[in-house]
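In this text the structure is predicted, and so the values were computed from the model without any measurement. What you see below is based on every heavy atom in this structure, not just the backbone, and it leaves out hydrogens, waters and symmetry mates. Each chain gets a letter, A, B and so on, in the order its sequence line appears, and its residues count up from 1.
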Protein chains: 2
Amino acid sequence: MAERKPTITDVARTAGVSKGLVSFALNDKPGVSPETRKRILEVAGDLGWRPSLSARSLSTSTSYALGLVIRRKPEVISADPFFPAFIAGVESVLAEEGRALVLSVVPDAAAELRSYRTLAGDSRVDGVFLTDLRSNDARFGLLAELRLPAVALGRPDPAVPFPSVQLDDTHGIAQAVAHLADLGHSRIAHVAGDPHMMHGGRRRSSFNEAMREAGLEPGLIVETDFSAACGADATRMLLEKRRPPTAIVYANDPMAIAGLGVAQQRGLRVPADLSITGFDGTDISGYVFPALTTITSDPVEWGRVAARTLLRLIAEGTAESVELPPAALLVRASTGPPPSDRGTVAAHS
Amino acid sequence: MAERKPTITDVARTAGVSKGLVSFALNDKPGVSPETRKRILEVAGDLGWRPSLSARSLSTSTSYALGLVIRRKPEVISADPFFPAFIAGVESVLAEEGRALVLSVVPDAAAELRSYRTLAGDSRVDGVFLTDLRSNDARFGLLAELRLPAVALGRPDPAVPFPSVQLDDTHGIAQAVAHLADLGHSRIAHVAGDPHMMHGGRRRSSFNEAMREAGLEPGLIVETDFSAACGADATRMLLEKRRPPTAIVYANDPMAIAGLGVAQQRGLRVPADLSITGFDGTDISGYVFPALTTITSDPVEWGRVAARTLLRLIAEGTAESVELPPAALLVRASTGPPPSDRGTVAAHS
DNA sequence: CCCGGCTACTAAACCGGTATAGCGTGACCT
DNA sequence: AGGTCACGCTATACCGGTTTAGTAGCCGGG
């Protein structure tokens with residue numbers, strides 16, 4: 001039964017033409033008469049011929065695969081809700097295109113650069129996604145040197161020479177702060193992400209700006225590495241202040257859930273004593289008690305759009321950046337009016 | 001600067017030998033004198049030569065990559081704590097071997113089979129990991145037909161012709177039930193996973209067995225798809241019983257966290273009114289309130305061992321199955337003595 | 001009638017490795 | 001001294017595509 005896979009030579013012989021012509025017919029190149037083209041494609045279909053990826057890769061030096069390098073320590077990786085969903089979105093596009101995704105998970109910056117080098121050096125991929133943008137990112141130069149097409153996720157510096165797929169998370173943070181201010185909160189803190197990551201930094205600065213717009217004095221900001229452990233620590237620290245915040249805006253859901261745990265452990269009721277907002281709208285965030293008010297994005301769609309953008313960049317040498325619908329606030333049960341001590345509000349109004 | 005990559009021909013010319021000999025030297029084949037081998041390797045190093053993966057793939061028809069196909073609906077994928085950590089473990093091994101991981105995320109069974117076919121047909125991978133084993137799994141036959149080496153994750157039927165990397169989760173479940181029985185619980189329920197997945201089914205049957213061993217009558221079992229939503233529904237259902245359970249053993253952490261949320265929403269105190277155990281030992285489970293008593297496995301190590309096993313299977317044509325250290329109970333704060341109504345215990349002792 | 005140019009196609013080089021057959025040299029054996 | 005064999009190496013076919021140069025045949029124009 002399971003014979004050797006037919007090659008282009010088999011197709012050529014069966015169709016009575018040269019193998020070059022088969023190649024032309026397959027790739028819609030001109031110079032093949034309509035009838036011959038039809039016949040070749042028929043024969044190819046009958047024989048069940050599928051061009052060999054490795055042979056094609058060798059002669060065209062393309063791999064028909066895209067790369068995603070994720071830099072996360074193994075301890076933290078499970079907590080990150082973004083990547084699995086993002087990858088699912090990417091795959092939904094790649095599957096129809098007959099392309100594959102090569103994934104690399106690395107623990108640190110050095111390994112990350114090495115990984116890009118290997119991916120490019122081995123021509124394993126035709127292009128890569130760039131996640132967790134950092135300011136002064138060493139990858140920008142490297143990718144340019146390697147001539148590897150790349151699409152950035154998130155809003156890069158204008159100077160960055162890659163198209164990007166962005167989602168305005170500023171808007172979500174602003175909504176969250178406005179929502180809390182409307183409820184009457186004035187001491188609002190922010191448990192921010194890694195300031196070296198651009199989205200961490202951006203959420204932070206939009207928090208500041210939103211506070212200013214709400215007419216509140218700049219809130220306390222704690223920097224973290226986005227992990228639940230850090231989120232818990234940050235929360236403890238905030239709650240031990242002499243005048244603790246009445247609301248905390250977290251930069252992602254796992255930290256918010258950890259913060260919720262800390263608050264409850266200390267006997268605080270959420271939202272009666274403390275309001276909490278998350279970020280990402282992960283599945284689980286709707287099932288904790290109280291259900292988390294969070295800022296939802298759509299990482300699956302993000303993946304789809306990023307994949308399409310990268311494919312276009314590879315095919316046409318250029319691609320437009322895309323702006324996704326902004327992250328929106330999803331009000332659930334973890335936010336409410338602050339406890340009745342309103343001294344601070346009065347003092348500043 | 002950035003010249004064309006050197007090829008084996010450049011190395012041969014520079015070293016003054018034929019390119020066949022360079023190939024021999026590189027691959028530690030016999031028939032090369034020690035001095036010549038040394039010289040060739042030196043020249044290769046000086047030139048910065050790296051063999052072309054595609055050329056090598058073409059002539060050896062191997063791809064130096066492994067495949068992982070994950071079947072999850074996009075909505076659920078983020079909630080699964082296993083894969084990211086598992087992948088991190090796999091990567092830590094592959095990175096040192098110069099191999100890559102090709103990832104495929106598919107929504108349903110048909111796409112899953114198609115994905116394996118494509119991966120094999122395109123020789124994209126040299127072998128695959130088999131996750132979420134199901135009874136009468138259509139993949140077993142397919143992989144045999146495709147002659148694709150595979151390593152199964154979890155304990156397959158003895159009939160399954162692949163080596164496997166297993167972790168005895170039976171032990172963890174048994175410990176959890178014993179722990180709860182020791183505390184005095186007698187009405188213990190189990191929120192199980194998908195019964196069509198082998199690990200779902202196995203956790204379920206070991207729950208039954210542990211109950212029997214503890215001298216308790218078989219507890220209520222609810223089947224789910226492992227999602228937080230299902231976990232919440234199942235919990236609601238159990239708590240609405242006329243005699244609700246005093247403890248619930250969940251088949252994974254997200255469901256346990258969702259269950260915790262439901263319980264708290266109904267005004268139950270955990271663990272005073274209801275004890276809860278999870279499964280997986282995810283990062284976040286330690287930060288909810290109360291911290292989740294859970295059964296810990298080590299998915300990162302699992303990934304490492306699975307990768308090594310698959311590589312050995314590919315290289316040597318055969319590999320031993322591996323048994324990982326059993327999952328162990330990690331007692332935290334979500335389990336405690338049952339509420340004082342002990343009628344049922346007395347009735348059965 | 002001859003030439004130019006277009007169309008449809010073939011032949012062969014090429015991508016960069018691996019694998020095999022063959023060849024010259026020196027050591028060993030009888 | 002001649003034959004055999006192992007060793008170290010070269011030349012070349014091969015993997016399965018793409019791509020380029022070249023050619024046969026046909027048509028139209030002058």
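Following rounding to the nearest Å, A:L26 (CG) and D:dT19 (P) show an atom-to-atom distance of 11 Å. For A:L58 and D:dT19, the CG to P distance is 12 Å, given to the nearest whole Å. Atom CZ in B:R37 sits about 13 Å away from atom P in D:dC7, given to the nearest Å. One can place CG of B:D10 at 9 Å from P of C:dG17, the figure rounded to the nearest angstrom. If you take CG of A:D28 and P of D:dT19, they are 13 Å apart, rounded to a whole angstrom. One can place CG of B:N27 at 15 Å from C1' of C:dT20, the figure rounded to the nearest angstrom. Straight-line distance from the CG atom of B:L47 to the C1' atom of C:dG16: 15 Å, rounded to whole Å. Atom-to-atom, CG of B:L53 to P of C:dT18 comes out at 11 Å; the value is rounded to the nearest Å.
If you check every strand for non-hydrogen atoms under 4.0 Å, A:S61 touches nothing. Looking at heavy-atom distances under 4.0 Å, A:V32 makes contact with sugar-phosphate atoms alone, never a base. Across all strands, B:S54 comes closer than 4.0 Å to no nucleic acid atom at all (heavy-atom distances). Within 4.0 Å of A:V17, counting heavy atoms only, lie sugar-phosphate atoms of the nucleic acid but no base atom. Nucleic acid contact class of A:S23 (heavy atoms, under 4.0 Å, all strands): base.
There is a side-chain donor-acceptor pair under 3.5 Å between A:S63 and A:D126.
Put simply, A:W49 has a side-chain N or O that comes within less than 4.0 Å of OP1 or OP2 on D:dG17. Neither OP1 nor OP2 of D:dC15 sits under 4.0 Å from any side-chain N or O of B:T60. In this model, the phosphate group of C:dA19 is not approached by any side-chain N or O of B:S59 to a distance below 4.0 Å at OP1 or OP2.
Under a 4.0 Å N-O distance rule, the pair B:D28/B:R37 qualifies as a salt bridge.
Ranking D:dT19, D:dG16, D:dT10 by closeness to the B:F24 side chain, first place goes to D:dT10. In this structure, the nucleotide among D:dC15, C:dA11, D:dA11 sitting nearest to the side chain of B:S18 is D:dA11. Nearest to the side chain of B:T7, among C:dG16, D:dT19, D:dT10, sits C:dG16. Of the candidates C:dG16, C:dT18, D:dG17, D:dG17 carries the atom nearest the A:I8 side chain, counting heavy atoms from C-beta on. Taking every side-chain heavy atom of B:R56 into account, C:dG17 is the closest of C:dG17, D:dG17, D:dA11.
A donor-acceptor pair is defined here as one N or O able to donate and one able to accept, closer than 3.5 Å; no such pair exists between the side chain of B:S115 and the backbone of B:A111. Side-chain atoms of B:N27 never come within 3.5 Å of backbone atoms of B:F24 as a donor-acceptor pair (strictly under, hydrogens ignored).
Contacts classified as side-chain hydrogen bond (donor to acceptor under 3.5 Å, both in side chains) and involving residues 299-310 of chain B (residues at least two apart or in different chains) are given here: B:E301-B:R304.
In this pair, B:F86 and B:F82 present their aromatic rings parallel. The plane angle is below 30°, not in the 30 to 60° band.
For B:F140, the side chain to side chain contact (heavy atoms under 4.5 Å, CB included) partners at least two apart in sequence or on another chain are B:L130, B:L133, B:D137, B:V160, B:F162.
Rotation axes derived from the C1' atoms of the five outermost pairs at either end of the helix from C:dC1-D:dG30 to C:dT30-D:dA1 lie 60° apart, to the nearest 10°.
On a pure distance criterion of 3.5 Å, no polar donor-acceptor pair joins the side chain of B:K19 and the base of C:dG16.
Cation-pi check for B:R139 over B:Y116 is not met; the charged atom does not lie both under 6.0 angstrom from the ring centroid and within 45 degrees of its normal.
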